Number of protein chains: 2
Amino acid sequence: MNSSIAITNRSLHDQVVSRVRDLIIEGVLEPGSRIDEARLIDELGVSRTPFREALRTLAAEGLVIVRPSKGSIVRKWTPEDVFAMLEVLGHLEQLAGELACARASDAEIAELVDLHNRMLGHYRARDRMPYYKLNQEFHSRLTELSKNETLQETQRNLQARLKRIRYIGNQRPEYWAGAVEDHEAMVAALKDRDGARLGQAMARHIRNTWDRVKDSI
Amino acid sequence: MNSSIAITNRSLHDQVVSRVRDLIIEGVLEPGSRIDEARLIDELGVSRTPFREALRTLAAEGLVIVRPSKGSIVRKWTPEDVFAMLEVLGHLEQLAGELACARASDAEIAELVDLHNRMLGHYRARDRMPYYKLNQEFHSRLTELSKNETLQETQRNLQARLKRIRYIGNQRPEYWAGAVEDHEAMVAALKDRDGARLGQAMARHIRNTWDRVKDSI
DNA sequence: TATTTTATACATGTATACAAAATACACCAC
DNA sequence: GTGGTGTATTTTGTATACATGTATAAAATA
């Protein structure tokens with residue numbers, strides 16, 4: 001029972017989309033495996049119509065492939081795919097960084113610095129999961145500061161595709177330390193509102209990400 | 001009756017998606033207007049299921065908004081939306097240009113130069129429609145030369161969203177002349193495989209596009 | 001025994017029917 | 001005349017039934 005007062009009128013479609021998306025990101029539905037329609041609709045307790053519509057949405061997002069008459073599968077990324085996604089994401093976040101320096105308010109930047117400091121706390125305590133979650137938020141929030149809706153949308157989509165891979169990849173301690181260093185540089189540039197430097201730092205961060213994840217795909 | 005021999009086994013879904021997408025791009029379905037499910041499925045001769053699945057795909061592409069229980073509408077872009085899309089597209093094509101210079105074969109570049117020359121022919125003859133179509137192809141092909149699948153996918157999507165706007169915008173003769181000049185610069189840089197210069201030229205081209213279309217949104 | 005064919009089961013694609021929500025409209029009170 | 005309430009109608013959301021296509025396994029032939 002939902003104790004909150006808020007009216008939760010999310011359509012069944014939206015609920016199924018985010019539920020299945022999570023199942024894919026969490027790896028419950030394995031990349032390359034068939035999606036058993038009958039079993040999933042049974043487990044989710046919905047009928048085929050909203051489920052299939054959800055699959056179409058996820059297919060458009062690139063997480064699922066619908067093969068006519070042959071069922072749907074969870075999309076599986078090749079190393080080339082991942083490299084391509086990071087190449088694009090790197091340039092988009094570079095743009096985001098440049099725009100953020102030009103368009104964000106002082107308060108917004110302060111918030112982001114605060115978020116970064118909390119991340120540092122989790123790093124020192126070696127709490128991977130909360131660090132990881134704040135990391136996702138850091139990148140999303142920084143992209144928001146670009147005040148460019150399309151940029152946010154595209155970044156969100158790529159981040160969703162990469163979420164699982166990144167989580168798997170960032171396991172080794174020295175990789176984690178490297179990522180934290182990258183973030184230090186980014187936050188410093190953001191504080192100075194040095195768009196070019198922030199852009200460079202973000203692009204470098206994404207390139208480093210490739211080095212960190214490439215062996216675990 | 002289909003006189004061609006080719007087996008046209010595209011799913012009903014795909015057919016509906018591209019049909020409705022075209023209706024939106026051509027302006028038959030006007031931005032902001034409600035999509036009359038009953039009428040359209042009747043005109044297309046399909047049932048509601050594949051049609052609604054197609055709407056979900058188009059919604060994910062950003063061309064349509066599905067409002068729960070209130071029907072779907074054709075998405076209408078504000079000037080801010082268009083500016084944001086061009087800002088992103090500009091940077092993506094800049095990246096595409098840089099990568100193309102590094103990764104394309106001589107033959108591929110020659111093909112693109114040839115395509116450009118055909119565009120010039122249409123420009124001299126003032127044949128707007130064939131010029132416009134080759135222009136779309138020019139940008140798609142150049143992005144293909146980046147050999148980055150994600151980049152192509154993202155570019156395709158943004159190009160689809162902007163298609164109608166760009167067509168409306170590029171009407172005045174002096175604007176057209178400016179666009180042709182931009183292309184001359186791009187092709188020259190591509191011939192020299194000067195990635196930085198090509199990138200700059202593409203980014204500038206997109207910025208000019210904004211100036212050309214902003215008054216007609 | 002290997003290979004091809006065919007039958008059958010099962011999963012997917014599409015259509016339709018039913019339920020729920022939103023909108024339009026008429027009627028009444030103020 | 002204006003505002004509000006209740007009902008009818010339309011439209012959308014979901015479930016289910018039916019049709020069609022694909023894969024598997026059994027049987028027949030080479």
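Convention: sequence-line order gives letters A, B, ...; per-chain numbering from 1. Keep in mind it's a predicted model, so treat the numbers as computed, not measured.
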Discussion item. Pair E61(B), R21(B) - check salt bridge (charged side-chain N to carboxylate O under 4.0 Å, His left out), show working.
Written reply: CA-CA 10 Å; E61(B) 284 180 13; R21(B) 191 195 286 122; 2.8 Å; yes

Fill in: Side-chain donor or acceptor of S33(B) paired with backbone N/O of L29(B) under 3.5 Å
no

Worksheet item: Of the nucleotides dA22(C), dT11(D), dT14(C), which has the atom closest to the L12(B) side chain?
Response: dT14(C)

Item to complete: Could you tell me whether R39(A) contacts a base, only the sugar-phosphate backbone, or nothing, with contacts defined as non-hydrogen atoms closer than 4.0 Å?
Response: nothing

Worksheet item: Between R161(A) and E153(B), does at least one N-O distance fall below 4.0 Å, as a salt bridge requires?
Response: yes

Fill in: Whole-Å gap separating C1' (dT14(D)) and CD (Q15(A))
13 Å

Set out, line by line, the N/O atom pairs under 3.5 Å between protein and nucleotides 17-19 of chain D.
none

Item to complete: Please state whether the rings of Y131(B) and W176(B) are parallel, tilted or perpendicular, taking 30° and 60° as the class boundaries.
Response: perpendicular

Practice prompt. State whether the side chain of N148(A) and the backbone N or O of A96(A) hold a donor-acceptor pair below 3.5 Å, judged by distance alone.
Written response: no

Worksheet item: What pairs of residues pass the ring pair (Phe, Tyr, Trp, His ring centres under 6.0 Å) test when at least one of them lies in residues 133-156 of chain A, not counting sequence neighbours?
Response: F138(A)-H183(A), H139(A)-H183(A), H139(A)-H205(A)

Worksheet item: Would you say dA15(C) has OP1 or OP2 under 4.0 Å from some side-chain N or O of S47(B)?
Response: yes

Response to the item:
Rounded to whole Å, the CD1-P distance (I65(B) to dT12(D)) equals 15 Å

Discussion item. Categorize S69(B) for me: base, sugar-phosphate, or nothing, with a 4.0 angstrom heavy-atom threshold over every strand shown.
Written reply: sugar-phosphate

